[in-house]
Amino acid sequence: MRRTTLALAGSALALAVAVTVVPRASAGPSTPATTREQTAQRSRDVMFVGNNWAGTADVVDAHTFQKIGRIDIVPDRAERMQEIVADPARLAFYLAIQQAIGEGHDQLVDDMFSTRDGRLLAVSRPSFADVVWIDLASGAIVKRQVMDGFRTDHMNVSPDGRRLVVSDSTSKSVHEYVLGGAGNPRTGVRLRTFESGETPHESNYSADGRRIFHASIGRVYTPVDAGELDAVGDLIKADRWFQVVRTRDFSIARRWDMGLELEEAGYGDMSSAVRPMAISPDERFAYYQVSFLHGFVEFDLKAADPNGGGDYVAGGQSEPDTGKVTRLIPLPNRVPDLPREQYVLDSAHHGLSMNSKGTKLCVAGTMSDYAAIVTRRTMKAKILDGEGDGEDRKYLKPYWSTEGPGNTCWMSMSGNDAVAVFDLRRRREIAWIPVGDHPQRVRNGTVAAAVERAWHL
């Protein structure tokens with residue numbers, strides 16, 4: 001292992017960063033058709049793992065599962081802290097985020113995406129209420145955008161790789177930026193904003209980029225959990241919506257209150273807070289987790305509403321005439337005696353992804369410490385928990401699920417400081433990758449050949 005500290009001069013945003021480079025395994029002999037020039041230009045498929053409490057991101061080869069680098073996401077930490085302590089309002093939110101959301105820790109890395117050229121990494125940093133673009137070769141922060149509110153959260157990238165949307169947690173809004181790339185003067189330019197409910201959470205683009213499926217989760221950090229759907233609890237948790245946004249003008253095409261949709265389907269006393277979601281390849285069905293539910297919901301986006309719609313108003317919009325809960329899929333609750341107030345941010349489960357074929361779902365059973373691989377047609381699940389699976393470890397607090405190449409699922413095990421990789425066809429673990437402190441988001445990306453050369457790979 002070789003540690004290289006790359007110090008850069010220049011503007012205030014050009015900051016030193018430590019990059020840990022792990023030698024990669026031999027890729028084997030090249031084919032006769034492979035030339036040195038082609039290899040020099042080839043980018044590498046990687047998975048970025050955000051270590052939220054450590055303030056780092058591990059870079060893992062998506063095919064060999066080898067760690068090839070570690071990026072410091074907060075090289076400007078001292079400067080940011082000086083700003084925070086000098087502003088009473090920002091300091092109050094910083095401490096609240098640390099204690100109520102971060103379990104006593106700073107939240108330094110939430111989400112991250114590489115640019116199309118594989119040279120920059122855009123990262124949301126909740127405790128600093130910003131998004132930064134980091135040069136992967138040097139570690140320098142080349143662009144920073146501060147939120148209107150006091151915390152950043154989930155992000156996503158348009159299918160063409162040109163736009164980045166970021167949830168601004170305390171301003172009930174989602175902002176769009178130019179994702180850009182190295183040398184692009186418009187990198188990080190803010191473009192537009194759309195309205196969300198309280199605490200905007202996850203966004204997913206449609207395949208054609210014309211729509212965004214977005215959910216807000218409400219004040220999940222409040223302790224009013226025992227009777228969430230009574231009048232007081234509903235008032236405190238605030239607006240929680242699932243909505244479809246048109247990207248051409250950021251208008252709201254449809255908006256649902258999923259707690260009321262579940263009640264309409266016969267499932268009473270359930271939360272309206274849509275947590276991680278997965279959209280079927282034909283974009284007819286949304287699969288989503290909700291607060292306190294050990295399992296997930298299937299929602300038909302195109303089916304007629306059972307009552308014709310119009311039963312309620314959410315944020316000034318009438319219930320759509322389409323959209324129907326078709327199935328609720330229960331999964332094991334291994335903590336039946338645990339008070340709901342002790343669930344991490346109301347999440348019984350927090351992590352749901354689907355393979356590109358639409359045949360398997362990969363579920364993070366956060367509070368019950370397991371992964372579930374579910375066959376979509378039958379909804380039969382195989383539960384993996386690290387015990388009795390040929391491994392000598394127990395999964396601890398799985399926190400996110402992402403589809404990887406080769407019909408794999410990558411799941412962060414935040415309590416183990418590791419990532420597990422599952423073969424979805426065989427429904428078993430095939431890799432265990434130690435990473436940094438409290439991994440959360442795992443995202444697909446690329447690293448340019450020039451970055452690998454800078455890292456001496």
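When only modelled atom types and interatomic distance are considered, E298 and T326 share a side-chain donor-acceptor pair under 3.5 Å. Residues S251 and R246 bring a donor and an acceptor atom of their side chains to less than 3.5 Å of each other.
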Given H214 and H154, is the ring-ring contact (aromatic ring centres under 6.0 Å, His included) satisfied, shown in steps?
CA-CA 11 Å; H214 172 76; H154 287 252; 9.6 Å; no

N444 and D45: side chain to side chain donor-acceptor pair (under 3.5 Å), yes or no, with the steps?
CA-CA 8 Å; N444 300 271; D45 295 330; over 6 Å; no

CA sep, side-chain torsions, deciding dist, call: R190, H175, side chain to side chain donor-acceptor pair (under 3.5 Å)
CA-CA 7 Å; R190 180 165 160 176; H175 310 306; 3.2 Å; yes

Using the rule given for side chain to side chain donor-acceptor pair (under 3.5 Å), can you reason through N51 versus T56, listing the C-alpha separation, both sets of side-chain angles and the distance that settles it, and then say yes or no?
CA-CA 5 Å; N51 304 310; T56 61; 2.9 Å; yes

Steps toward side chain to side chain contact (heavy atoms under 4.5 Å, CB included) verdict (R254, L301):
CA-CA 10 Å; R254 292 181 288 172; L301 292 158; 4.3 Å; yes

Could you give me the CA-CA distance, side-chain angles and deciding distance for D168 and T152, then say whether side chain to side chain contact (heavy atoms under 4.5 Å, CB included) is met?
CA-CA 5 Å; D168 188 342; T152 42; 5.9 Å; no

Is there a side chain to side chain donor-acceptor pair (under 3.5 Å) between D257 and S272? Walk through the geometry before answering.
CA-CA 6 Å; D257 181 320; S272 297; 2.5 Å; yes

Worked verdict on Y370 versus H294 for ring-ring contact (aromatic ring centres under 6.0 Å, His included)
CA-CA 11 Å; Y370 64 71; H294 295 263; 8.0 Å; no

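Looking only at distances, no side-chain donor or acceptor of D437 sits under 3.5 Å from a matching main-chain atom of W53. No donor-acceptor pair under 3.5 Å is formed between the side chain of D76 and the backbone N or O of E79. When atom types are taken as modelled, the side chain of K67 and the backbone of P434 share a donor-acceptor pair closer than 3.5 angstrom. Not one N or O on the side chain of W410 forms a donor-acceptor pair closer than 3.5 Å with the backbone of A62. Side-chain N or O atoms of E202 include one that pairs as donor or acceptor with a backbone N or O of M277 at under 3.5 Å. At least one donor-acceptor pair under 3.5 Å links the side chain of S206 to the backbone N or O of R211. A donor-acceptor contact shorter than 3.5 Å links the side chain of S280 to the backbone of F285. A donor-acceptor pair under 3.5 Å links the side-chain atoms of S401 to the main chain of C362, judged by distance alone. Listed for the S414 side chain is a donor-acceptor partner under 3.5 Å among the backbone atoms of K397. Within the 3.5 Å criterion, the main-chain N or O of G197 finds no donor-acceptor partner in the side chain of Q243.
Of all the heavy atoms in W256 and G323, the pair that sits closest is NE1-CA, 4.0 Å. Across all their heavy atoms, D111 and D153 have their closest contact at CB-O, 4.1 Å. Shortest non-hydrogen contact noted between D135 and L120 is CA-CD2, 3.6 Å. Annotation for T170 and G149: closest pair OG1-CA, 3.2 Å, computed over non-hydrogen atoms. Closest approach of I97 to P126, counting heavy atoms only: CD1-O, 4.0 Å. Between M413 and A420 the shortest heavy-atom distance is CE-CB, 3.9 Å.
The CD atom of E429 sits 11.5 Å away from atom SG of C409, with the distance rounded to the nearest 0.5 Å. The distance from atom CG of N416 to atom NE2 of H438, rounded to the nearest 0.5 Å, is 10.5 Å. Distance CD/E198 to OG/S216: 8.0 Å, rounded to 0.5 Å. Summarising the geometry, atom OG belonging to S271 is positioned 12.0 Å from atom CE belonging to M258; distances are rounded to the nearest 0.5 Å. Taking OG of S368 as the start and NE2 of H349 as the end, the distance is 5.0 Å to the nearest 0.5 Å. Atom-to-atom distance recorded for F93:CZ and D87:CG is 10.5 Å, nearest 0.5 angstrom.
By the 4.5 Å heavy-atom criterion applied to side chains, M147 and V131 are counted as neighbours. Looking only at side-chain heavy atoms (C-beta outward), R427 and F422 stay at 4.5 Å or farther from each other. R163 is not listed as a side-chain neighbour of T247, based on a closest heavy-atom distance of 4.5 Å or more. For the pair T402 and S353, the minimum side-chain heavy-atom distance is 4.5 Å or more. Looking at F48 and V109, their side chains never come closer than 4.5 Å, going by heavy atoms from C-beta outward. When side chains are defined from C-beta on, M155 does not count as touching R443, because their heavy atoms never get closer than 4.5 Å. Taking 4.5 Å as the limit, some side-chain heavy atom of D346 sits within range of a side-chain heavy atom of R275. Looking at heavy atoms from C-beta onward, F213 lies out of side-chain contact with Y288 at the 4.5 angstrom threshold.
The pair D106-R80 fails the salt-bridge criterion, with no side-chain N (NZ, NE, NH1 or NH2) lying under 4.0 Å from an Asp/Glu carboxylate O. Of the charged side-chain nitrogens involved, at least one lies within less than 4.0 Å of a carboxylate oxygen, so that R144 and D130 count as a salt-bridged pair. Between R284 and D300 there is a salt bridge, since a side-chain N of the basic residue sits under 4.0 Å from a carboxylate O of the acidic one. With respect to K302 and D282, no salt bridge is recorded, no charged nitrogen being found less than 4.0 Å from a carboxylate O. Between R210 and E283 no salt bridge is recorded (no basic side-chain N to carboxylate O distance below 4.0 Å).
A side-chain contact (heavy atoms from CB on, under 4.5 Å) with T366 holds for exactly one of Y399, W400, Y343; it is Y399. Exactly one residue among L361, L424, T359 makes a side-chain contact (heavy atoms from CB on, under 4.5 Å) with M354. That residue is L361. Each of N52, L108, V74, D110 was evaluated against R125; a single residue qualifies, V74, per the side-chain contact (heavy atoms from CB on, under 4.5 Å) test.
Within 6.0 Å of the CZ atom in R327, the count of heavy atoms belonging to other residues, nucleotides or ligands exceeds 12.
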